[in-house]
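Below is one structure, written out as structure tokens; comments come after it.
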Amino acid sequence: MRSGARPEGMSLRFGYGTNGFGSHRLDDALAVIAGLGYEGVALTVDHPHLDPFAPDLEARTAAVARRLDELGLAVVIETGARYVLDPWHKHEPTLVSTHGRERRVDLLCRAVRIGAELGAEAVSFWSGTLPPGTSVQQGWDRLLAGVDQVLAEADLRGVVCAFEPEPGMFVDRVDGVLELRRRLGSPERLGVTVDTGHLVCNESDPPEECVRAAGPWLANVQLDDMVRGVHEHLEFGDGEVDLPQTLGALLDVGYTGLASVELPRHGHAAPVVAAHSLEALSAALAEAESVRGNPGRREARSAAT
């Protein structure tokens, strides 16, 4: 067993996001993540790591595929790079921007193609923030048109997409993603990404209920802590996420995809933070498994919370 690897029989697979290793070369980041015992990686396509716009993308992607295979890491693709499209404006343009939406669609289609080459379990993306003066109907029209184009590429490549509700964005809650699926005709290749911190930060329902609502369509999970009303990714234990209860909900819905730590502002201490995160996750998962196997303890814990 590698250092920090989870005990045999535990049923969730943990990964770590490369956006939390921004000061590392990608090869080094992958080696550290695998060496700690993580089973996968959430790879943000960005200029530090597998730049989707730099030359020789096909060859660089093939090299990453070989490296992932050598290390035994599963992968999901994340597309939340801050300045990959515009060096002046964070996350812009988006799927709901007034101008430049086609550039976001192009990035997402590139991510889908990269995901296909890497055998990614999902490609995750979000809506963006509605510009001032833009109506809700205009937002939906823009979003539906853009997502439809991305899904066409995903169908062609056999890739699953996972849409993430982000605090402050046009689609900011799980029920918004379910509405998006409904408006698109419930496409088979469009699933849901949930971020455990977002569930505490921004949802009106408890995190475990949000997980269950997304359950049938859950395709990607991001793990972090947060406090109510503050969109700041925190290490486990520094916020209000009940980690055993939330992991228990993932077990209850039968989630089998990667659940990856999302700490993009902790790159200054990435190896240490990643090690501590896996320790916290392993302990929380053991508690969640224990509670699930003991109905009396489960009822007592539910009453206490």
Side-chain angles (χ1 to χ4, degrees), residues 4-6 10-21 29 32-34 36-44 73-80 120-122 124 126 162-167 174 191-203 206-212 214-215 218-228 230-267 269-289:
R6 70 177 185 176
M10 284 192 173
S11 51
L12 291 177
R13 295 181 301 133
F14 296 128
Y16 202 93
T18 61
N19 62 359
F21 274 80
V32 172
I33 290 167
L36 288 170
Y38 286 95
E39 296 187 57
V41 60
L43 173 57
T44 297
L73 290 172
V75 63
V76 297
I77 301 298
E78 295 284 352
T79 59
E121 297 182 8
S124 184
W126 32 245
F163 198 95
E164 180 186 5
E166 276 272 353
V174 169
V192 182
T193 292
V194 297
D195 181 305
T196 57
H198 295 174
L199 300 181
V200 163
C201 169
N202 200 51
E203 297 280 353
E208 60 273 18
E209 291 186 20
C210 296
V211 168
R212 294 187 179 99
L218 199 54
N220 183 39
V221 172
Q222 299 171 354
L223 300 167
D224 51 81
D225 210 340
M226 284 190 195
V227 299
R228 180 70 180 171
V230 181
H231 187 194
E232 180 182 357
H233 292 246
L234 304 173
E235 292 186 62
F236 302 118
D238 290 345
E240 300 172 9
V241 172
D242 186 325
L243 195 56
Q245 189 159 300
T246 304
L247 296 183
L250 291 173
L251 295 172
D252 288 345
V253 301
Y255 179 67
T256 59
L258 277 177
S260 301
V261 178
E262 174 83 352
L263 291 172
R265 297 183 179 179
H266 291 69
V272 173
V273 171
H276 290 169
S277 296
L278 189 55
E279 291 171 3
L281 287 167
S282 297
L285 183 54
E287 181 176 344
E289 292 276 22

Problem - Any residue meeting ring pair (Phe, Tyr, Trp, His ring centres under 6.0 Å) with Phe236, in chain and number order, not counting sequence neighbours - result: none
Problem - Contact check, side chains of Leu263 and Tyr16, non-hydrogen atoms, under 4.5 Å - result: yes
Exercise for the section: Indicate yes or no: at least one non-hydrogen side-chain atom of Asp195 is less than 4.5 angstrom from one of Glu164. Expected result: yes
Exercise for the section: Answer yes or no: is there a side-chain heavy-atom contact under 4.5 Å between Leu199 and Val174? Expected result: yes
Problem - Closest approach of Phe21 to Ala29 (non-hydrogen atoms, all atoms of both residues) - result: CB-CB, 3.7 Å
Problem - Results of side-chain contact (heavy atoms from CB on, under 4.5 Å) for Ala74 - residues two or more places apart only - result: Arg13, Glu121, Leu258
Practice task
Grab the two heavy atoms, one from Phe163 and one from Pro165, that are nearest each other, plus how far apart they are.
Solution key: O-CD, 3.7 Å
Problem - Closest non-hydrogen atom pair, Glu166 against Trp126 - result: CG-CD1, 3.7 Å
Problem - side-chain contact (heavy atoms from CB on, under 4.5 Å) assessment of Leu223 paired with Phe14 - result: CA-CA 9 Å; Leu223 300 167; Phe14 296 128; 3.8 Å; yes
Problem - Residue pair Thr79 / Thr44, side-chain heavy-atom distance below 4.5 Å - result: no
Exercise for the section: Output the distance between atom OG1 (Thr18) and atom CG (Leu43), rounded to the nearest 0.5 Å. Expected result: 4.5 Å
Practice task
Supply the atom-to-atom distance Leu218 CG to Arg212 CZ, rounded to the nearest 0.5 angstrom.
Solution key: 12.5 Å
Handout entry: Polar contact flag, side-chain donor to acceptor under 3.5 angstrom, Ser124-Thr193
Key = yes
Exercise for the section: Applying side-chain contact (heavy atoms from CB on, under 4.5 Å), name anything that partners Val192, two or more places apart in sequence or on another chain. Expected result: Val177, Leu178, Val194, Ala214, Trp217
Handout entry: Close side-chain approach of Glu279 and Ser282, heavy atoms under 4.5 Å
Key = no
Problem - Flag for His198-His231: side-chain donor and acceptor within less than 3.5 Å - result: yes
Practice task
Could you tell me the separation between the CG atom of Leu73 and the CD atom of Glu39, rounded to the nearest 0.5 Å?
Solution key: 9.5 Å
Handout entry: Closest contact, heavy atoms only, Val200 versus Val227
Key = CG1-C, 4.0 Å
Practice task
Write down the atom of Leu247, the atom of Leu285, and the distance for their closest heavy-atom approach.
Solution key: CD1-N, 3.7 Å
Handout entry: Donor-acceptor side-chain pairing of Glu78 and Asn19 below 3.5 angstrom
Key = no
Problem - Exam field: side chain Asn220 to backbone Ala162, donor-acceptor pair closer than 3.5 Å - result: no
Exercise for the section: Please name the pair of heavy atoms, one in Ser277 and one in Tyr38, separated by the smallest distance, quoted to 0.1 Å. Expected result: CB-OH, 3.5 Å
Exercise for the section: Taking the side chain as every heavy atom from C-beta outward, state whether Leu281 and Val261 have any pair of such atoms under 4.5 Å apart. Expected result: yes
Handout entry: Evaluation steps, side-chain contact (heavy atoms from CB on, under 4.5 Å), between Glu203 and Cys210
Key = CA-CA 8 Å; Glu203 297 280 353; Cys210 296; 3.7 Å; yes
Exercise for the section: Check whether any side-chain heavy atom of Leu251 lies under 4.5 Å from a side-chain heavy atom of Ser11, and answer yes or no. Expected result: yes
Exercise for the section: Please round to the nearest 0.5 Å and tell me the distance separating atom CG of Asp225 and atom NE2 of His233. Expected result: 11.0 Å
Handout entry: Verdict with reasoning, Asp224 to Met226, per side-chain contact (heavy atoms from CB on, under 4.5 Å)
Key = CA-CA 7 Å; Asp224 51 81; Met226 284 190 195; 3.6 Å; yes
